[in-house]
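Take a look at the structure below.
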Amino acid sequence: MTELMWDGKYDKDGQRVAPVRVALPFQTVETINESAQSRQEALDLFGRGGRDTEWRNRLIWGDRKYVLPALLGEFAGKVDLVYIDPPFATGSDFSFPVQIGDLGFTKEPSVIEQKAYRDTWGKGLDSYLQWFYETVVVLRDLLAPSGTMIVHLDYRVGAYAKAVLDEVFSPDQMVDDLVWYYTGAGVPKDRPARRHDSLLWYANGKVWTFNADEVRTAYAAATQERFSHYIGNVRGSADYGQQELNPLGKWPDDVLNISIEAPSSLERTGYPTQKPLALLEWVVKACSNPGNLVLDCFSGSGTTAKAAELHGRRWIAADLSRFGVHTTRKRLLSVPSVTPFVVQNLGKYERQLWQAAEFGDTAEVRTRAYHHFLLALYKAKPLEGYVWLHGVKEGRLVHVGSVDAPVTVGDVKQIAGEFAKTVGTGRDAPTTKAVDILGWDFAFELNETARQTAGRAGIDVRFWRIPREVLDKRAIAQGDVRFFELAALAVEVKTKGRKAALTLKNFVIPLDDVPEEIQRAITDWSHWIDYWSVDWNNKGDAFHNEWQTYRTKKAPRLEKTIEHEYEVPGEYQVVVKVIDILGNDTTKTVTVMVG
């Protein structure tokens, strides 16, 4: 077999460059639609050191490079259908539109997303092919013996991707090249209008699932009227008489004539690369059975997960974009009686390309130089001799978050623990019990929860996001780098008997990603909120989403107050989670006493 070659496929010793297979642990940060009984059973099992074996669908925030190896331990050889719609090297791969009433703008990629784009396309087609090869190799290992993989591509990389898939699976394992034919795109002047994508369908073994009866289409009305229940069966010059029409419809072919979602459709999320729900329903129904496991590691707006949910399949959906995870969560919540699912991330994973390029290859030197670089931009003085505390600014200590991972509650606990050692220890000792924490990104559950963790140690903590301009040497030279504090949430609590009422009173977000004209047009703080939810009895574990409200096209107004009646009087820890219009979350814990 002829081999497709690209720069980076083999190392200097002639060995094939293998994909990363570091199995990082998943962290459950939210459970959704789980009953109180199931929640308590899981807590009891965890407390006894056991493992919860009840299935929950999974929505994962993370890069496929680390998510897929982390899935291997539990799911190798168990996934029945993989559908992926990988990035096509377009400007919209990692951006998304934001709508505030009649106003809108495009949110540019985050630092993590920019790095992912460079990893994928930094060296052009060569780096894309290596990236794609590493992806499908691990996905093949996740497939069940009778599993199916469908890769959705367009004209730009389809031919190259097929060569890679032939190498990973073998040409004999290609079942079909499905054509998705659609209308609704623009009409160019210098070529025919592009109206199709390819869905390359590969089987992992000699047998695979194809449920033709699930995707049959009706015969044309004229055909049904003319032949009633029979149709002439003529092949060539031979007449084989009458053939009975299948009452379910004609046998499906490999051209899927499915329109894109109309702009007015309630399914439309605004994602430029969103695929129609009807297309994914065809894929899910035709290529898997009820109860099968479906995986999409580029889930975007969550169309695959929704199709799987609607048709009784188990699912795992993952995406690098925090906004994509939030959009998927909202779409799944729109499904009546959605089955319980969890939101997870990977915690700390490798993300060192920029750091290594800027500050050298030796870990200790690189880390020290990185800290000093950011402290200088933050106008702080370096502090030596500590692990978690790196500088001092105006009497407040400063922690510089790792370039490799979001800041977590666990990090804040370590910072608070080390803070006690600095009191009264020389001229660099803090003059106030306060820490500024700089981070590229922040874990889902952080902000108010971590702030309260530090507060119990008597430390005032403020979180500051490291801006993407840090990567731009021109911005640094021009002094355009600004750090912005994370959002702040105010919640009012009122109780009467066993009833509690929560009201959102104020919400302030950092505005560096919002154009000035949009900022000027906002007349009420609630416009920044897209979604909020409540855990009425948090017990120190994951956030349990017991109620939620969010904006939709049909219902753009947001409720600000919710009431809840407890069955038993007592003291409860209530966690409120707000998702802003950019997909960032803010949580706040309040104590409620009911009698």
Side-chain angles (χ1 to χ4, degrees), residues 28 30-39 41-42 54-60 80-81 83 99 211 214-215 258-259 261-262 264-271 274-296 299-319 323-344 529-536 542-559 561-565 577-579 583:
T28 297
E30 183 172 351
T31 69
I32 297 176
N33 209 35
E34 182 179 55
S35 69
Q37 180 181 353
S38 296
R39 173 183 183 178
E41 290 173 352
E54 181 182 352
W55 171 259
R56 290 175 182 81
N57 293 322
R58 300 187 182 194
L59 176 56
I60 303 170
D80 301 288
L81 170 63
Y83 168 88
Q99 196 70 26
N211 298 313
E214 292 290 325
V215 289
I258 298 172
S259 298
E261 302 286 3
S264 60
S265 170
L266 295 178
E267 287 293 334
R268 195 74 176 257
T269 66
Y271 261 76
Q274 180 182 347
K275 302 306 182 289
L277 179 61
L279 176 66
L280 270 300
E281 288 185 290
W282 192 101
V283 170
V284 166
K285 292 190 295 183
C287 301
S288 68
N289 296 310
N292 279 178
L293 179 57
V294 178
L295 168 64
D296 183 352
S299 62
S301 60
T303 307
T304 304
K306 183 168 184 178
E309 179 68 30
L310 288 170
H311 296 284
R313 276 64 168 174
R314 297 174 298 140
W315 53 265
I316 299 172
D319 200 84
F323 185 79
V325 170
H326 169 54
T327 302
T328 300
R329 171 171 44 197
K330 285 175 59 177
R331 292 188 76 191
L332 290 166
L333 284 167
S334 72
V335 177
S337 302
V338 61
T339 53
F341 65 96
V342 297
V343 181
Q344 299 180 314
I529 300 175
D530 184 63
Y531 167 110
W532 69 287
S533 55
V534 181
D535 181 348
W536 292 103
F543 177 84
H544 294 265
N545 186 328
E546 297 181 291
W547 173 90
Q548 74 287 137
T549 185
Y550 49 89
R551 300 183 192 277
T552 65
K553 287 185 178 179
K554 192 174 181 179
R557 295 181 64 86
L558 198 72
E559 297 179 58
T561 299
I562 179 63
E563 290 187 350
H564 177 74
E565 184 170 3
K577 174 178 286 191
V578 168
I579 310 292

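Just so it is clear, the values below take in all heavy atoms, side chains as well, and ignore hydrogens, waters and symmetry mates.
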Would W55 and R314 count as a side-chain contact (heavy atoms from CB on, under 4.5 Å) here? Give the steps. CA-CA 9 Å; W55 171 259; R314 297 174 298 140; 3.4 Å; yes
Before you tell me yes or no, could you show the steps for N289 and D80 under side-chain contact (heavy atoms from CB on, under 4.5 Å), namely the whole-Å CA-CA distance, both residues' side-chain angles and the distance that decides it to 0.1 Å? CA-CA 9 Å; N289 296 310; D80 301 288; over 6 Å; no
Verify side-chain contact (heavy atoms from CB on, under 4.5 Å) between L310 and L277, making sure each step is shown before the conclusion. CA-CA 10 Å; L310 288 170; L277 179 61; 4.0 Å; yes
Between T28 and R56, does a side-chain hydrogen bond (donor to acceptor under 3.5 Å, both in side chains) hold up when you go through it step by step? CA-CA 11 Å; T28 297; R56 290 175 182 81; over 6 Å; no
Pair W536, E546 - check side-chain contact (heavy atoms from CB on, under 4.5 Å), show working. CA-CA 7 Å; W536 292 103; E546 297 181 291; 3.4 Å; yes
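V335 has its side chain within reach of K306: a pair of non-hydrogen atoms, C-beta onward, lies under 4.5 Å apart. At least one side-chain heavy atom of R329 sits under 4.5 Å from a side-chain heavy atom of I579. Side chains of S301 and R331 form a contact here, defined as non-hydrogen atoms less than 4.5 Å apart. Side chains of L293 and R313 form no contact here, defined as non-hydrogen atoms less than 4.5 Å apart. Residues N33 and F341 form no side-chain contact, since every pair of their non-hydrogen atoms from C-beta on lies 4.5 Å or further apart.
Classification of K330 and D530 as a salt-bridged pair holds, one side-chain N sitting under 4.0 Å from a carboxylate O.
Considering L81, V283, L280, I316 in turn, L81 is the only one that fulfils the side chain to side chain contact (heavy atoms under 4.5 Å, CB included) rule with V294.
With sequence neighbours excluded, the residues forming a side chain to side chain donor-acceptor pair (under 3.5 Å) with T561 are T503, listed by chain and number. By the side chain to side chain contact (heavy atoms under 4.5 Å, CB included) test, N545 pairs with E30, I32, Y531, S533, F543, Q548, sequence neighbours left out.
The two residues N211 and K285 have their closest heavy-atom pair at ND2-O, 3.0 Å.
Taking the six-membered ring wherever Trp is involved, the centroid distance between the rings of Y550 and W532 does not fall below 6.0 Å.
Checked by atom type, the side-chain pair T339/N57 shows a donor-acceptor distance below 3.5 Å.
Both tests do not hold together for R58 against W315: distance to the six-membered ring centre under 6.0 Å, angle to the ring axis within 45°.
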